[in-house]
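Have a look at the structure below, then the notes.
All heavy atoms count here, side chains included; hydrogens, waters and symmetry mates do not. Predicted, not measured: the structure shown is a model, and the values here were computed from it.
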There are 2 protein chains.
Amino acid sequence: MKYRKIPEETIRRMPRYLRAFSTLQSENQGYISSQLLAERLHLNPPQIRKDLSYFGAFGTRGIGYPVQSTAEQIRSILKLNITQRAALVGAGRLGTAIASYHGFSLFGFDIAAVFDNDRQKIGRRIGGRTIEDVSRIGSVGSRGIQLAILAVPAEAAQTCADQLIKAGIKGILSLSPCYLETPKRIKVISIDLAMELGTLPYYL
Amino acid sequence: MKYRKIPEETIRRMPRYLRAFSTLQSENQGYISSQLLAERLHLNPPQIRKDLSYFGAFGTRGIGYPVQSTAEQIRSILKLNITQRAALVGAGRLGTAIASYHGFSLFGFDIAAVFDNDRQKIGRRIGGRTIEDVSRIGSVGSRGIQLAILAVPAEAAQTCADQLIKAGIKGILSLSPCYLETPKRIKVISIDLAMELGTLPYYL
């Protein structure tokens with residue numbers, strides 16, 4: 001089931017809600033009010049109520065949201081109730097950092113394959129995976145991998161993206177500092193660290 | 001001079017404009033129309049015209065924006081016309097990737113100091129800098145550093161941020177997966193890779 005009108009900004013906040021609800025689960029909390037949730041997340045309560053209502057989660061006045069079922073609901077809608085396998089392309093410094101990053105496991109991500117084109121790197125292990133030759137990228141579809149993380153130099157990014165999409169990848173988190181030309185059905189999230197840092201001096 | 005009413009989303013797009021205008025400068029282009037700029041940036045022309053107008057840059061109908069002066073104008077308003085010195089805190093895998101990342105130099109950033117608390121790392125060199133003991137973090141102010149990049153584990157991030165702010169840091173790009181409690185005058189941009197990846201499966 002997909003609620004078509006959910007704003008992208010709401011979707012972007014949902015993993016934060018999920019992280020909060022996961023923590024609340026581990027604390028064995030039964031209910032949480034939007035007020036307390038707002039304090040944890042540094043958001044405002046009406047925003048939270050609005051966001052969660054898109055997902056069909058409604059708190060009870062004076063009681064709040066049931067932690068267990070709301071967590072399950074968010075996890076299910078974000079499709080994070082199943083292990084999501086992701087391919088990492090690029091085993092340079094940034095790729096290596098990503099392969100060993102524990103934060104992904106919180107959401108059930110499994111970096112199931114790592115690719116690089118450097119013969120020196122192929123066959124080595126990072127983050128518990130053996131680095132494979134990028135020529136094997138076409139195998140991701142048959143291995144049940146639908147997501148990819150791109151951490152290659154800008155000049156290689158488009159080619160890699162094309163290969164990934166041809167192989168059946170449907171979502172890409174790109175850390176390569178360039179725009180990717182992709183079909184509309186492919187979801188791309190781009191993070192360009194230099195661009196982010198580039199806005200800071202303005203505020204000095 | 002500061003134009004108070006510029007929306008944050010516009011500021012976030014400005015480094016993209018600057019990168020495009022820098023490229024146009026290196027291509028010795030005299031003028032660029034909002035239409036052509038839109039094609040390069042994959043934005044729409046009215047958006048571009050609106051964004052640039054906030055910065056006092058106005059194209060001429062049929063001619064476009066003068067490349068040289070618009071680039072200088074954007075660079076100056078973003079305060080990227082001078083070298084911006086930044087401190088990097090955390091010389092783990094992610095920090096090491098950041099210290100060696102060439103993308104920052106495009107905007108004139110200089111990673112002028114690197115700190116870590118690991119005795120094994122202190123004294124080693126990454127990205128052309130010697131890793132310093134984090135206890136020296138208080139020296140950043142006197143070294144003309146106003147920006148910091150945080151790449152420490154979540155549990156260390158708040159303490160580091162507090163120390164950086166006490167030392168005179170005014171802007172922080174945080175890659176630590178947690179919320180930072182900071183005074184309003186401090187500009188914080190947080191990037192949480194797991195949160196970003198966490199939204200992708202929804203779109204599958």
Under the side-chain contact (heavy atoms from CB on, under 4.5 Å) rule, what do B:Thr70 and B:Ile74 come out as? Steps first, then yes or no, please. CA-CA 6 Å; B:Thr70 308; B:Ile74 300 174; 4.1 Å; yes

Electrostatic pair A:Arg12:A:Asp51 at N-O distance under 4.0 angstrom: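 A:Asp51 and A:Arg12: not salt-bridged.
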
Under 4.5 Å from a heavy atom of chain B, the part of [X] involved:
{"X": "A:Ile82", "value": "neither"}
{"X": "A:Leu80", "value": "side chain"}
{"X": "A:Phe107", "value": "side chain"}
{"X": "A:Gln84", "value": "side chain"}

For residues A:Ala154 and A:Pro177, report the shortest heavy-atom separation together with the two atoms involved.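 Result for this residue pair: CB-O, 3.9 Å.
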
Can you confirm whether B:Tyr179 is buried at OH, in the sense that more than 12 heavy atoms of other residues, nucleotides or ligands lie under 6.0 Å from that atom?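 Result for OH/B:Tyr179: enclosed.
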
Do you know which of [options] has the most heavy-atom pairs under 4.5 Å to chain A?
{"options": "B:Arg19, B:Arg16, B:Arg185, B:Lys170", "value": "B:Arg19"}
{"options": "B:Val188, B:Leu94, B:Leu197", "value": "B:Leu197"}
{"options": "B:Leu41, B:Leu173, B:Leu106, B:Ile186", "value": "B:Leu173"}
{"options": "B:Ile172, B:Ile11, B:Leu175", "value": "B:Ile11"}
{"options": "B:Met14, B:Gln146, B:His42, B:Arg93", "value": "B:His42"}

Sub-3.5 Å donor-acceptor pair from the side chain of [X] to the main-chain atoms of [Y], do we have one?
{"X": "A:Lys121", "Y": "A:Asp116", "value": "no"}
{"X": "B:Asn44", "Y": "B:Gln47", "value": "yes"}
{"X": "B:Glu132", "Y": "B:Ala113", "value": "no"}

Intermediate values then yes/no, side-chain contact (heavy atoms from CB on, under 4.5 Å), A:Asp118 and A:Ile131: CA-CA 10 Å; A:Asp118 181 349; A:Ile131 301 170; over 6 Å; no

Evaluate the side-chain contact (heavy atoms from CB on, under 4.5 Å) criterion for residues A:Phe55 and A:Tyr17: first the C-alpha distance (whole Å), next the side-chain angles of each, then the deciding distance (0.1 Å), finally the verdict. CA-CA 12 Å; A:Phe55 285 72; A:Tyr17 294 125; over 6 Å; no

Between A:Ser105, A:Gly198, A:Gly103, the one whose heavy-atom pairs under 4.5 Å with chain B are most numerous: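 Heavy-atom pairs under 4.5 Å are most numerous for A:Gly198.
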
Heavy atoms only, distances under 4.5 angstrom: which of A:Leu147, A:Thr96, A:Ile98 has the most pairs with chain B? Name it, please.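 Answer, by heavy-atom pair count under 4.5 Å with chain B: A:Leu147.
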
Engaged part of B:Leu18 at the chain A interface, taking heavy atoms whose separation is under 4.5 Å: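 Nothing of B:Leu18, per the 4.5 Å heavy-atom cut-off to chain A.
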
Using non-hydrogen atoms and a 4.5 Å limit, figure out which bit of B:Leu193 sits close to chain A: side chain, backbone, both or neither.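 Both parts, heavy atoms under 4.5 Å.
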
